[in-house]
Each structure stands twice: as C-alpha cells, then as structure tokens.
Amino acid sequence: MTNVLIVLTLPEPVRVQYFDHIRKAFPEVKLDMVDHHSKVDPYIGAAEILITFGAQMANHVFEKAKSLKWVQALGTGVDGITDQPGLRKDVLVTNMHGLHGAAVSEAALLAMLALARDLPHSMRLQAAHRWERTPAKLLKEKTVGIFGVGAIAAELAPRCKAMGMRVTGISSATRTVPGFDAMLHRSELHGAVKDLDFLVLLTPYTPETRNIVGAKVFAAMKPRAYLVNLARGGIVDEDALVEALKSGKLAGAALDVFATEPLPADSPLWSMENVIVTQHQGGFFDGYPRFAIPVVEENLRKYLAGDVAGMINVVKR
C-alpha cells in the first residue's frame with residue numbers, strides 16, 4: 001500500500017477538502033494528514049508521497065523521509081522543498097502552475113491602491129474616531145515595474161494598463177509580453193527602478209535573487225516610490241528596507257512575504273506607519289483547492305499507474 005502524507009498549516013475546513021477528496025478518489029492508498037511539520041514523526045518514515053506547501057516545510061521532514069519518492073507542492077514556488085539539504089536528489093518534485101494569476105494580480109492592485117490612498121492612515125483615524133481628509137494619489141499615469149515576468153505578471157500587466165499605468169517588466173529573460181510598455185533585463189535593475197512609482201516583486205526566490213532588492217536598489221528609487229512584495233521574503237534585504245523606510249528613501253511598502261514566517265512579533269515592520277503587513281495571503285483564496293486538487297489527482301493517478309513520465313508540472317532540479 002502506498003503511504004501518502006499531507007502536511008498543511010491551513011484552517012481545518014481547507015485542509016479537509018484535500019484529505020476528503022484524495023481519500024475518496026484513492027481508497028487504495030494509506031492517507032494521513034497533520035497540520036504542522038513538527039507533527040510528522042509518526043508518518044514520515046513510511047511516506048512515499050508528500051503533499052504540502054514549500055513555505056510550510058522544514059529540513060527535518062526530509063531527513064526523516066527515508067521512503068519518500070515524490071513531493072507534490074501545492075504552490076508554484078518550491079523553495080522550502082528543493083533547497084532543503086535533506087531532500088534526496090532522486091525525489092521527484094511537482095508543483096502548481098497558472099493558478100495564482102488572478103489572485104496575486106488583485107493583491108498587487110489592492111496593495112498599490114492602499115499605499116497610494118494611505119489606507120493605513122485612514123484606519124488609524126477610524127480607530128481614533130477622527131475625521132480628517134487628505135488628497136489621494138492616483139495610479140493613473142504612474143509607472144509600475146514588475147520584477148519577475150511569468151504567468152502572474154502576464155495577468156497583472158494588462159490590469160495595470162487598465163488603470164492607466166505605464167508598465168515596465170524586469171526579467172532574467174527579456175521578451176515581448178502583452179501589456180508591457182518596456183522590458184528590461186534583471187542586470188539593469190538599479191537603472192530601471194529610478195523611474196518607478198511602484199516596484200512589484202514577483203520573481204522566484206533563487207540563490208541569484210537572494211537579497212537582490214537591497215540598499216542599492218532603494219537608494220536608486222524615488223523617495224516617493226513604493227515597494228510591493230508578493231514574491232518571497234528572501235528577495236528583499238529587510239534590514240535595508242527598514243532603514244530606507246525610516247529615513248524617507250522610500251515612501252512605503254506593502255509586504256505579503258518575509259524572510260522569516262510567521263513574521264517575528266519583534267519585527268519593526270509590524271509597527272511602521274508606512275508599511276502594510278499581510279500574512280502571505282497573495283495567492284491564498286477561497287477557491288484555491290478547487291483548482292489545485294485536480295492537479296494533485298491527475299499526478300497521483302499517473303504515479304500509481306507507473307506513468308511518472310506523464311506527470312505534469314515536474315520541477316527541473
């Protein structure tokens with residue numbers, strides 16, 4: 001019997017959707033589920049298949065996974081999985097692709113609108129029962145730079161154009177993509193940011209992008225510009241970001257991802273008035289399992305049939 005382990009640190013109603021569907025569709029497998037990586041010990045040694053999000057993993061899981069043959073990541077990003085030293089090279093990894101475009105695009109627009117209209121200030125006024133009017137900034141005629149041009153960026157760019165924005169792409173591979181007014185190579189990052197009103201991060205986390213957005217980038221940006229991070233926390237040098245926000249080198253930031261998650265309670269980012277903190281919510285929406293479960297089912301069916309070559313979204317390691 002094939003042992004399958006689901007590790008999901010999500011609300012129970014969400015976790016149960018995955019568990020119930022797989023149990024019903026594949027009665028021939030032994031299925032277990034835990035809500036945190038610290039609880040895997042009774043099951044991980046026998047688990048042949050692991051279903052999880054990379055951000056919810058830890059290296060000890062893979063060190064103990066002596067029978068593991070396949071990891072199905074429920075997100076697009078596989079950092080937290082493929083970069084763990086305990087993951088053997090022969091373990092197959094698959095992920096999701098194309099599920100996050102609408103959700104992350106809407107999150108980016110929300111972040112830019114909230115920053116432009118200083119929504120945190122309005123919320124503080126509401127809490128204080130104070131009535132005070134200030135003029136808002138518009139997205140119209142502003143320039144947004146999207147760092148990381150993939151499937152999500154391809155959905156975000158036309159939405160930004162619909163708001164009347166100029167859109168610049170920054171990518172490791174320059175190419176023509178609908179909705180972009182300009183496309184620059186990643187090596188031109190420092191020069192590209194000087195004309196931006198918003199810098200939206202969507203690039204994958206890799207050794208090459210670790211802390212790539214740091215003090216030099218912030219120094220090159222306009223003091224009235226904003227940062228939106230919906231990618232991975234490790235892409236931004238958070239110490240340099242805090243300094244830039246405190247010193248006025250940057251007008252504000254909307255941050256959905258962090259180098260350490262959950263964001264530590266003593267992080268200065270929590271209490272900064274020009275920062276919006278959300279809890280890695282960008283691609284997390286109520287209908288997500290409805291799109292992810294069919295991918296899991298298709299891959300699991302092919303795996304159990306011995307058709308590994310036919311599995312989809314295989315990650316090149």
Side-chain angles (χ1 to χ4, degrees), residues 53-56 73-80 95-116 119-120 139 142-160 163 165 167-172 177 179-180 186 189 192-193 196-206 209-214 217-218 221 225-238 241 245 250-263 267 269 272 274-286 288 291-292:
F53 283 96
Q56 299 175 8
L74 293 175
T76 300
V78 291
D79 50 297
N95 66 349
M96 298 291 158
H97 184 74
L99 306 190
H100 302 86
V104 177
S105 293
E106 290 182 18
L109 289 174
L110 171 66
M112 288 190 288
L113 286 166
L115 290 167
L119 184 60
L139 298 190
K142 298 297 192 300
T143 299
V144 56
I146 303 176
F147 181 17
V149 181
I152 296 172
E155 290 204 34
L156 174 58
R159 288 169 165 82
C160 293
M163 301 292 286
M165 305 183 80
V167 184
T168 298
I170 304 166
S171 177
S172 59
V177 179
F180 286 87
R186 187 172 69 192
L189 177 62
V193 299
L196 303 181
D197 299 292
F198 295 90
L199 175 59
V200 177
L201 306 181
L202 298 177
T203 190
Y205 178 75
T206 66
T209 60
R210 182 178 181 273
N211 285 348
I212 193 172
V213 179
V217 170
F218 299 135
M221 294 176 72
Y226 298 98
L227 175 72
V228 176
N229 190 4
L230 291 159
R232 286 292 187 268
I235 292 165
V236 175
D237 181 336
E238 289 181 1
L241 174 60
L245 290 165
L250 202 61
L255 308 172
D256 189 55
V257 290
F258 304 90
T260 300
E261 294 184 5
L263 181 64
S267 170
L269 294 169
M272 299 184 75
N274 54 350
V275 174
I276 298 172
V277 170
T278 50
Q279 298 74 36
H280 207 140
Q281 294 278 109
F284 185 41
F285 61 98
D286 55 0
Y288 191 84
F291 296 97

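- A salt bridge (Lys or Arg N to Asp or Glu O under 4.0 Å) check over residues 146-157, counting only residues at least two apart or in different chains, returns the pairs Glu155-Arg159.
- The distance from the CD1 atom of Ile170 to the CG atom of Leu189 is 5.5 Å, given to the nearest 0.5 Å.
- Partners of Ala111 under the side chain to side chain contact (heavy atoms under 4.5 Å, CB included) rule, at least two apart in sequence or in another chain, are Val228, Ala254.
- Looking at heavy atoms from C-beta onward, Met112 lies in side-chain contact with Cys160 at the 4.5 angstrom threshold.
- With sequence neighbours left out, Asp237 forms a salt bridge (charged side-chain N to carboxylate O under 4.0 Å, His left out) with no residue at all.
- Of all heavy-atom pairs between Arg186 and Ser172, the closest is NH1-CB, 4.0 Å.
- Taking CG of Leu230 as the start and CD of Glu106 as the end, the distance is 12.0 Å to the nearest 0.5 Å.
- Under the 4.5 Å side-chain criterion, counting only non-hydrogen atoms from C-beta, Met163 is in contact with Leu113.
- Shown here are the side chain to side chain contact (heavy atoms under 4.5 Å, CB included) partners of Ala292, two or more places apart in sequence or in another chain: Tyr18, Met96, Leu99, Tyr288.
- With contacts defined as side-chain heavy-atom distances shorter than 4.5 Å, the pair Pro120/Ile276 qualifies.
- A side chain to side chain contact (heavy atoms under 4.5 Å, CB included) with Leu199 is found for one member of Val144, Leu227, Thr168, Leu250 and no other, namely Leu227.
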Check against side chain to side chain contact (heavy atoms under 4.5 Å, CB included), Met165 and Phe198: CA-CA 10 Å; Met165 305 183 80; Phe198 295 90; 3.9 Å; yes

Full working for side chain to side chain contact (heavy atoms under 4.5 Å, CB included) between Leu156 and Val104: CA-CA 8 Å; Leu156 174 58; Val104 177; over 6 Å; no

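- Taking both residues in full, the closest heavy atoms of Gly75 and Asn95 are given as O-CB, 3.3 Å, listed atom of the first, atom of the second, then distance.
- Scanning for side chain to side chain contact (heavy atoms under 4.5 Å, CB included) contacts around Val257 gives Asn229, Glu261, His280, with sequence neighbours left out.
- Looking only at side-chain heavy atoms (C-beta outward), Val236 and Leu255 stay at 4.5 Å or farther from each other.
- Between the CD1 atom in Ile235 and the OH atom in Tyr205 there is a gap of 8.5 Å [rounded to 0.5 Å].
- Closest of all the heavy-atom pairs between Leu263 and Phe258 is CD1-CD2, 3.7 Å.
- Ala251 meets the side chain to side chain contact (heavy atoms under 4.5 Å, CB included) test with Tyr226; sequence neighbours excluded.
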Side chain to side chain contact (heavy atoms under 4.5 Å, CB included) between Ile146 and Phe180, intermediate numbers included: CA-CA 9 Å; Ile146 303 176; Phe180 286 87; 4.0 Å; yes

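- Contact between Ala108 and Val200 at its shortest, heavy atoms only, is CB-CG1, 4.3 Å.
- For Thr203 (side chain) and Gly148 (main-chain N/O), no donor-acceptor pair under 3.5 Å exists by modelled atom type.
- Between Leu139 and Ala116 the shortest heavy-atom distance is CD2-CB, 4.1 Å.
- With rounding to the nearest 0.5 angstrom, the CG atom of Asp256 is 11.5 Å from the CG atom of Leu201.
- In this structure, Ser105 contributes its side chain and Ala102 its backbone to no donor-acceptor pair below 3.5 Å.
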